[in-house]
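Each remark here refers to the structure printed beneath this line.
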Amino acid sequence: NERTFIAVKPDGVQRGLIPEILTRFQNKGYKLVGIKLTLANETLLKQHYADLTSKPFFPKLLSYMMSGPILATVWEGKDAVKQGRVLLGATNPNASAPGTIRGDYAVEVGRNIVHGSDSVENAEKEIALWFKKEELVDYKPTMYGWIYE
Ligand code: GTP
Ligand code: MG
């Protein structure tokens, strides 16, 4: 089953949005398979955002992502990567529709409270980067018959 890496960034953690963000993924029907509160360091972030290291905003992105704890999570379910991005909304919160996490809770691209993998391939890389194998748990939620036909 498809898995995606979703992180609540330091601003989302500090603003008390962890419960709200977890609730949205849970209510959608996805299964939580990994979760931890962690601090990111420069080495990890340079791998995580490898495609952005040459961008002018990268130093700001680094200090933003190192400004406090991050909630790292892995969710599993049908089309989880693409639909996870739909739940988050557009990168720039001012382009995010109401009803999305960024559309409802953020106003600036540099404080957009959540991260979500943008492809299945990147999801696999990010999950391996942020989690050890033994930190991911497999189980069958009793409600699965009510979520999947
Ligand atoms: P993530 O889910 O965090 O990866 O966001 P994304 O995939 O929607 O966007 P992208 O990977 O292109 O950028 C990663 C993060 O860098 C964004 O979520 C923003 O926090 C930050 N970022 C992107 N573009 C800008 C920018 O123009 N200015 C600033 N300050 N930050 C930016
Ligand atoms: Mg991205």
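Keep in mind that the numbers below use all heavy atoms, side chains included, and drop hydrogens, waters and symmetry copies. Numbering of ligands and ligand atoms starts at 1, following listing order.
The proximity of R85 to ligand 1, defined as any non-hydrogen pair under 4.0 Å, is limited to the side chain.
For the pairing with L71, the side-chain contact (heavy atoms from CB on, under 4.5 Å) check across T38, L17, L22 returns one residue only, L22.
In summary, the atoms of ligand 1 found under 4.0 Å from a heavy atom of N112, numbered by their order in the structure, are 17 (C), 18 (O), 19 (C), 20 (O). Heavy-atom proximity to L52, at under 4.0 Å, picks out these atoms of ligand 1: 11 (O), 13 (O), 14 (C). Ligand-side atoms of ligand 1 in range of R102: 1 (P), 2 (O), 3 (O), 5 (O), 8 (O), 18 (O), range being under 4.0 angstrom from any heavy atom. For ligand 1, the atoms sitting less than 4.0 Å from at least one non-hydrogen atom of K9 are 3 (O), 17 (C), 18 (O), 20 (O), numbered in the order shown with element in parentheses.
Proximity of a side-chain donor or acceptor of K31 to a complementary backbone N or O of Y139 within less than 3.5 Å is detected. No donor-acceptor pair under 3.5 Å is formed between the side chain of T100 and the backbone N or O of S96.
In summary, the side chains of E126 and N122 do not present any donor paired with an acceptor at a separation below 3.5 Å, with no hydrogens or angles considered. Looking only at atom types and distance, the side chain of Y105 has a donor-acceptor partner in the side chain of E20 under 3.5 Å away.
An N or O contact shorter than 3.5 Å is missing between Y64 and ligand 1 by distance. When only interatomic distances are considered, the shortest N/O to N/O separation between Y49 and ligand 1 falls below 3.5 Å. In terms of N/O distances under 3.5 Å, ligand 1 is approached by G116. Annotation: K60 places no N or O atom under 3.5 Å from an N or O atom of ligand 1; distance criterion only.
Looking from atom 1 (P) of ligand 1 to the surrounding protein, the closest heavy atom is H115 ND1, 3.1 Å. Counting only heavy atoms of the protein, atom 19 (C) of ligand 1 lies nearest to V109 O, 3.2 Å. Of all protein heavy atoms, the one lying nearest to atom 6 (P) of ligand 1 is T91 OG1, 3.4 Å.
A single hydrophobic cluster is not seen to contain both V86 and L88; linkage of ILVMFWY side chains at heavy-atom distances under 4.5 Å, directly or through other members, places them apart. Note on Y64 and L52: same hydrophobic cluster, where clusters join Ile, Leu, Val, Met, Phe, Trp and Tyr whose side-chain heavy atoms are under 4.5 Å apart, directly or indirectly.
With distances taken over non-hydrogen atoms, the option nearest atom 25 (C) of ligand 1 out of F58, F5, F57 is F57.
For the pair L61 and ligand 1, a heavy-atom separation below 4.0 Å is found.
Under a cutoff of 6.0 Å and an axis angle of 45°, K78 and Y148 do not form a cation-pi pair.
With respect to D118 and K82, no salt bridge is recorded, no charged nitrogen being found less than 4.0 Å from a carboxylate O.
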